[in-house]
> 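Below is the structure I would like to discuss, written out as structure tokens.
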Amino acid sequence: MPSDEPTSIPTLEEKHNGVPARLLHKAKRAKSLIQDIATKPLRPRKRLPVIPQGIERSRFFLAIEELSKELGDENVEVNDKPLDDGWYMEPPNTHDGMAVTDEEELVASAVVYPGSTDDVQKIVLWANKYLIPVHPISMGRNFGYGGAAPRVRGAVVIDLGKRMNRILDINPEDCTCLVEPGVSYYALYEEVQRRGYKHLWVDVPDLGGGSVLGNALDHGVGYTPYGDHWAMHSGLEVVTPTGEVVRTGMGALPGNNTWQVFPYGFGPVIDGIFSQSNYGIVTKMGFGLMPDPGGHESFLYAFEKEEDLDQLVEIVRPLRIAMILDNAANIRHALQILALSGKPRTAFYQGEGAFPTEKMHEYLKGHPYGECTWLYFGTCYGPKETRQLKLDIIHREFMKVPGARRIDPTVLPPSDYFWSRDKISSGEPDLEELAWVNWWPNGGHVAFSPVAPTRGADALRLWHMAKKHWTVSGLDFFLDFVVGLRELHLIVECVYDRDDPRQRSTALEVMRALIDEAAEQGYGEYRTHLLLSDQVAGTYSWNNNALMKFNERLKDCLDPNGILAPGRSGIWPARYRGRGWEITGARKSSEGDGVAPPPGSTKL
Ligand code: ADP
């Protein structure tokens, strides 16, 4: 059970990953809701010490000593304490705070804190010298996808965020910024406000604690027209697995003043190989920031029946592609509204199995949104007259769905979730979204995130697929259909009690079944949990796995010793391949049988 009082939550002034003072009251509430029902104890460790495969214990500790001398004792920590899961605002950097397997499985042997790009180079050279796997994190808040956990048990986590958290530039004329890994959306937003750049917006995801840089690297999204974070980046600084420092785009030109305004530079655009990969450690990243469009207005529509999804998505496609709907379409299943209250599932229903649909409708009858199955949260941008044109078209089209209702925001209380979405869609990071993880005590979540064309038939097919597994598994799903522009991302969050081994394994099994079934029908995931990466990578198998073969050749060329995040996105270095590290089919263990000696050597 967490021991801290809610009052101990670090603020942004105290810690790079803290909460802004303006959101402290929300953080306290969220933390006490979690604490109220938490039952998971802090357990003594059973499997200590954790040493990565491929190095002897005495040599590993010798290596740690050497690194401590180089970086300072205070910047190298051996991970031998109980695994405190913390919570969103106080996340662990040694493991996944929402582990979906045994908590001791995917853990770091040590955590190191570089203070500069030079330090990152030193760590990488050290890792090559001792053949120790390293795993970079920016903030470690990648919840639902593995948090801070390394894929290889015992890898050394490089926590970049703790000491490399400077906002290097905010340019109010070009509307750009340049950040280090430890800058959260909260921190960037607060700094933009502090500098008085009221005309600059920061596109933020559902929660603002993630790293601006880390989120973009994992293809995260937000909800203003600048919501595709990777598309909005311009320029990277990267430390390669062999220790060189490369700047991409215009950053390669000494003395340039265009690094953040033109992403391509000259020659091949190599930026892409550093996202969702293990080819480099990104130490700086630039972004475009959206100028205030002169106003915004959020809106909400409710749709009655499950089948309405088909017609609604058909209406959404042309409107979204033409940018009449000018932010990511956000069609949510209404069960999440119950969970967004922060109350556990038992407050609504005490029975077993999937949450009954009738119970959901019964509750919604008394909610300001009323009885419905789908909710569309959207925002229009621009001065009043521009927005009104778009809002009128949207209203006319949405109301073609029988039973569709516009929910008048002016009747919603200020505490309603709608206003949180309104903030997020206008560049103000918030902390409400966390509440639904409280559906179970010790709540954790894992996501199934397939991509489809924005077509009613596809949306319905994915919905039926998800619903079938939801009903069979008995674990509840929270579904969100998000339309970036032409594509539809379905995000299915499966929630579980992370102290209940049965629920955890059901959650993982159901994710595996969904990935396979979706692939059979031609749908692939855009992002996944690190335990599911091998399976997802295996579905991208066109032409006899040509893509993975290419990825592996790149990996072997850039990282001959295979030290950087082995297994990330299913890409295993040569030294690990063919030794059972991949989790596919019947093989469920996350560990393989050793590693091979490095190229050109016969012994480790
Ligand atoms: P968040 O920003 O959401 O807290 P993390 O810091 O956990 O996310 O990063 C998400 C994933 O992206 C990590 O698992 C890691 O593999 C990768 N990653 C994060 N930061 C970097 C970086 N600076 N360089 C390379 N990979 C990174």
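All values below were derived from every heavy atom in this structure, side-chain atoms included, with hydrogens, water molecules and symmetry-related copies excluded. Counting starts at 1 for both ligands and their atoms, in listed order.
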> Which residue and atom name correspond to the protein heavy atom nearest atom 16 (O) of ligand 1, and how close is it?
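Heavy-atom neighbour on the protein nearest atom 16 (O) of ligand 1: R568 NE, 2.9 Å.
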
> Against heavy atoms of G147, which atoms of ligand 1 measure under 4.0 Å?
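Taking each heavy atom of G147 in turn, ligand 1 has 7 (O) under 4.0 Å.
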
> Of all the atoms in ligand 1, which lie at a distance below 4.0 Å from a heavy atom belonging to L217?
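Selected atoms, number and element: 21 (C), 22 (C), 24 (N), 25 (C), 26 (N), 27 (C).
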
> When the aromatic ring centroids of H445 and F477 are compared, is their separation below 6.0 Å?
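Ring-ring flag for H445/F477: false, centres at least 6.0 Å apart.
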
> Under 6.0 Å from the six-membered ring centre of F481 and within 45° of its axis: does the NZ or CZ of R332 meet both?
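Not flagged: R332 not positioned over aromatic ring of F481.
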
> Could you walk me through whether V451 and E525 pass the side-chain contact (heavy atoms from CB on, under 4.5 Å) check?
CA-CA 6 Å; V451 179; E525 284 66 54; over 6 Å; no

> Taking atom CZ of R163 as the centre, report whether more than 12 heavy atoms of other residues, nucleotides or ligands fall under 6.0 Å from it.
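Yes, because the 6.0 Å sphere around CZ of R163 holds more than 12 heavy atoms from other groups.
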
> I'd like to know whether the aromatic ring centres of F143 and Y145 sit less than 6.0 Å apart in this structure.
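No - the distance between ring centres of F143 and Y145 does not fall below the 6.0 Å cut-off.
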
> What protein heavy atom sits nearest atom 23 (N) of ligand 1, and how far off is it?
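Among all protein heavy atoms, the one nearest atom 23 (N) of ligand 1 is V282 O, 2.8 Å.
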
> What do you reckon, does A149 put a non-hydrogen atom under 4.0 Å from ligand 1?
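No, A149 has no heavy atoms under 4.0 Å from ligand 1.
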
> Could you walk me through whether S449 and T528 pass side-chain contact (heavy atoms from CB on, under 4.5 Å), step by step?
CA-CA 7 Å; S449 317; T528 199; over 6 Å; no

> Does A565 come within less than 4.0 Å of ligand 1, judged by its heavy atoms?
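No, A565 has no heavy atoms under 4.0 Å from ligand 1.
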
> Could you check whether F478 and W439 have their ring centres less than 6.0 Å apart?
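Between F478 and W439, which both carry aromatic rings, the centre distance is below 6.0 Å.
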
> Within a distance under 4.0 Å of any heavy atom of L160, pick out the atoms of ligand 1 and give their elements.
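Counting atoms of ligand 1 from 1, those under 4.0 Å from L160 are 22 (C), 23 (N).
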
> I'd like to know if G280 contacts ligand 1, where contact means a heavy-atom distance under 4.0 Å to any ligand atom.
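Yes, G280 has heavy atoms under 4.0 Å from ligand 1.
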
> Any atoms of ligand 1 less than 4.0 Å from a non-hydrogen atom of H135? List them with their elements.
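It comes down to these atoms of ligand 1: 14 (O), 16 (O).
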
> Spell out, as yes or no, whether a donor-acceptor pair under 3.5 Å connects the side chain of R577 to the backbone of W572.
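A pair under 3.5 Å: yes.
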
> If the contact criterion is a heavy-atom separation under 4.0 Å, does D218 count as touching ligand 1?
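No.
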
> Does R421 make a cation-pi contact with Y223 (under 6.0 Å, within 45 degrees of the axis)?
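Geometry flag: set, cation within 6.0 Å and 45°.
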
> Side chain or backbone, does T283 bring an N or O within less than 3.5 Å of an N or O on ligand 1?
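N/O-N/O distance under 3.5 Å: no.
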
> Which bit of N278 is near ligand 1, meaning a heavy atom under 4.0 Å away: side chain, backbone, both or neither?
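Contact part for N278 vs ligand 1: neither.
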
> From K28 NZ over to L33 CG, what is the distance, rounded to the nearest 0.5 angstrom?
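These two atoms lie 14.0 Å from each other.
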
> Which distance, rounded to the nearest 0.5 Å, do you find between the CG of N142 and the CG of D218?
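Nearest 0.5 Å value for the CG-CG distance: 4.5 Å.
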
> With a 4.0 Å cut-off on heavy atoms, is A148 touching ligand 1?
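A148 does not count as a contact of ligand 1 under the 4.0 Å cut-off.
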
> Any idea which protein heavy atom is nearest atom 10 (C) of ligand 1, and the distance to it?
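The protein heavy atom lying closest is N142 ND2, 3.4 Å.
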
> Within the 4.0 Å heavy-atom shell around I137, which atoms of ligand 1 are there?
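Those qualifying, in numeric order: 6 (O), 20 (N).
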
> Rounded to the nearest 0.5 Å, how far does OG1 of T584 lie from CG of D534?
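One finds 6.5 Å between CG of D534 and OG1 of T584.
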
> Have Y417 and E433 got a donor and an acceptor in their side chains that come within less than 3.5 Å?
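Yes, E433 and Y417 have a side-chain donor paired with an acceptor closer than 3.5 Å.
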
> For ligand 1, which is the ligand I care about here, please tell me if M139 has any N or O atom under 3.5 Å from one of the ligand's N or O atoms.
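Right, the criterion is met.
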
> Are K31 and E90 ion-paired here, with the side-chain N under 4.0 Å from a carboxylate O?
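Yes.
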
> Which is it for L213 and ligand 1 at heavy atoms under 4.0 Å: side chain, backbone, both or neither?
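Side chain only.
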
> Do me a favour and list the nearest non-hydrogen protein atom to atom 2 (O) of ligand 1 with residue, atom name and distance?
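For atom 2 (O) of ligand 1, the nearest protein heavy atom is S211 N, 2.9 Å.
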
> Could you identify the single nearest non-hydrogen protein atom to atom 4 (O) of ligand 1 and state the distance to 0.1 Å?
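Protein heavy atom at minimum distance: R141 N, 2.6 Å.
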
> List the closest protein heavy-atom neighbour of atom 18 (N) of ligand 1: residue, atom name, distance to the nearest 0.1 Å.
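Scanning the protein heavy atoms, the shortest distance from atom 18 (N) of ligand 1 goes to P136 O, 3.8 Å.
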
> What's the shortest distance from atom 20 (N) of ligand 1 to any protein heavy atom, and which residue and atom give it?
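Minimum-distance protein heavy atom for atom 20 (N) of ligand 1 reads S138 OG, 2.7 Å.
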
> Tell me the protein heavy atom at minimum distance from atom 5 (P) of ligand 1, and give that distance in Å.
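For atom 5 (P) of ligand 1, the nearest protein heavy atom is G140 N, 3.6 Å.
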
> Suppose I only count heavy atoms of I281 and a 4.0 Å limit; which atoms of ligand 1 are within that range?
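With I281 as reference, the close atoms of ligand 1 come out as 24 (N), 25 (C).
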
